[in-house]
Amino acid sequence: MTLVYKLIMKSGPEPEKTYKLEKDEFVMGRELINDLIINDPEISRRHARLFKKSDRYFVEDLNSTNGTFIAGERISRPVRLKSGDTLVLGKGIAFEFLAEEIEEVPAVKEVAEGMVEKQEGTKEIKRTALNASGKNEKRLKAKQKPLEGAKKATASSVGEKLRGKPTWLIVLAIVLLFLLVFCVIPLLIVEWTDQWCNFFGTFFNQIQPGVCP
């Protein structure tokens with residue numbers, strides 16, 4: 001069982017209108033910031049407030065000009081409201097306070113059960129997806145292993161070939177490669193571009209004056 005609290009306007013700008021009390025504090029008055037706005041000159045800007053304490057609602061007058069009344073008596077301190085009480089603000093704005101017991105709707109339980117089933121189905125889908133991704137990762141790793149083995153085999157074969165050669169032969173190959181890159185190729189470029197005098201003009205003029213202008 002659930003208790004639902006509400007106010008029903010009996011006289012005022014909107015008769016028979018129902019206001020559900022869903023907050024722990026409910027302020028009434030003319031100001032637009034109030035929870036219940038009553039546009040009436042007899043109502044103060046902040047006229048009264050209802051507040052919840054230990055699952056019970058109390059009403060308190062907020063020093064209003066025309067007062068707040070319960071059972072025809074003006075209140076000067078917080079008063080507990082009972083279901084069926086008539087709450088009057090000023091001279092003509094009256095509300096009936098009601099506290100109703102409502103049973104839980106079975107449809108709510110069915111919706112909750114459906115949500116649980118959906119969550120379980122979602123978990124099952126996630127597990128299936130994880131299993132599939134795990135299998136794909138295993139396949140990729142299985143494909144990568146032969147490639148890694150081939151790379152290692154190639155590197156090891158090159159290393160073995162180098163180890164089988166004499167040290168002097170390796171040194172000679174390195175020297176020849178150095179001469180080719182830093183001596184032969186630059187000289188060939190100078191010859192093709194005819195830049196002898198630009199690079200070595202001073203040297204040639206010392207050997208044979210006037211050779212290079």
Which atom pair, heavy atoms only, marks the closest approach of Phe69 to Gly90?
CE1-O, 3.4 Å
Compare all side-chain heavy atoms of Ile93 with those of Met28 and state whether any distance is below 4.5 angstrom.
no
Do Ile37 and Leu50 sit in the same hydrophobic cluster, where Ile, Leu, Val, Met, Phe, Trp and Tyr count as joined when their side-chain heavy atoms come under 4.5 Å apart?
no
In short, Ser83 meets Ala99 closest at the heavy-atom pair OG-N, 3.1 Å
In short, Gly84 meets Leu98 closest at the heavy-atom pair N-CD2, 4.0 Å
Minimal heavy-atom distance between Arg80 and Asp85, with the atoms involved, is O-OD2, 4.1 Å
Which pairs would a plain distance check flag for residues 39-49, meaning a side-chain donor or acceptor within less than 3.5 Å of a matching protein atom at least two apart in sequence or in another chain?
| unit_1 | atom_1 | unit_2 | atom_2 | d |
| --- | --- | --- | --- | --- |
| Asp40 | OD1 | Glu42 | N | 2.9 |
| Glu42 | OE1 | Lys91 | N | 3.0 |
| Ser44 | OG | Thr65 | N | 3.0 |
| His47 | ND1 | Ser44 | N | 3.1 |
| His47 | NE2 | Ser64 | OG | 3.3 |
| His47 | NE2 | Gly67 | O | 2.8 |
| Arg49 | NE | Glu60 | OE1 | 2.7 |
| Arg49 | NH1 | Glu25 | OE2 | 2.7 |
| Arg49 | NH2 | Glu60 | OE1 | 3.0 |

Common cluster, Leu36/Val88, ILVMFWY with side-chain heavy-atom separation under 4.5 Å
no
Could you walk me through whether Lys23 and Asp35 pass the side chain to side chain contact (heavy atoms under 4.5 Å, CB included) check?
CA-CA 9 Å; Lys23 299 170 62 178; Asp35 299 295; 2.5 Å; yes
Side chain proximity check, Ile70 to Leu81, heavy atoms < 4.5 angstrom
yes
Check for me, please, whether Leu87 and Leu3 land in the same ILVMFWY cluster - side-chain distances under 4.5 Å, paths through other members count.
yes
Write down the atom of Gly92, the atom of Ser11, and the distance for their closest heavy-atom approach.
O-OG, 2.9 Å
Check whether Val79 and Phe58 end up in the same hydrophobic cluster, where Ile, Leu, Val, Met, Phe, Trp and Tyr are linked by side-chain heavy atoms less than 4.5 Å apart.
no
Checking the side chain of Asp24 only, and the main-chain atoms of Lys52 only, is there a donor and an acceptor separated by less than 3.5 Å?
no
Identify the two heavy atoms, one from Tyr19 and one from Met9, that lie closest to each other, and give their separation to 0.1 Å.
OH-CE, 3.9 Å
Indicate the ring-plane relationship of Phe97 and Tyr5, choosing parallel, tilted or perpendicular according to the 30° and 60° boundaries.
parallel
Show every salt bridge (Lys or Arg N to Asp or Glu O under 4.0 Å) that has at least one partner inside residues 64-75, sequence neighbours left out.
none
For Lys6, does its backbone N or O pair with a side-chain atom of Tyr57 as donor and acceptor, under 3.5 Å?
no
Are Val27 and Phe95 connected in the hydrophobic side-chain network, where two residues link if heavy atoms are under 4.5 Å apart?
no
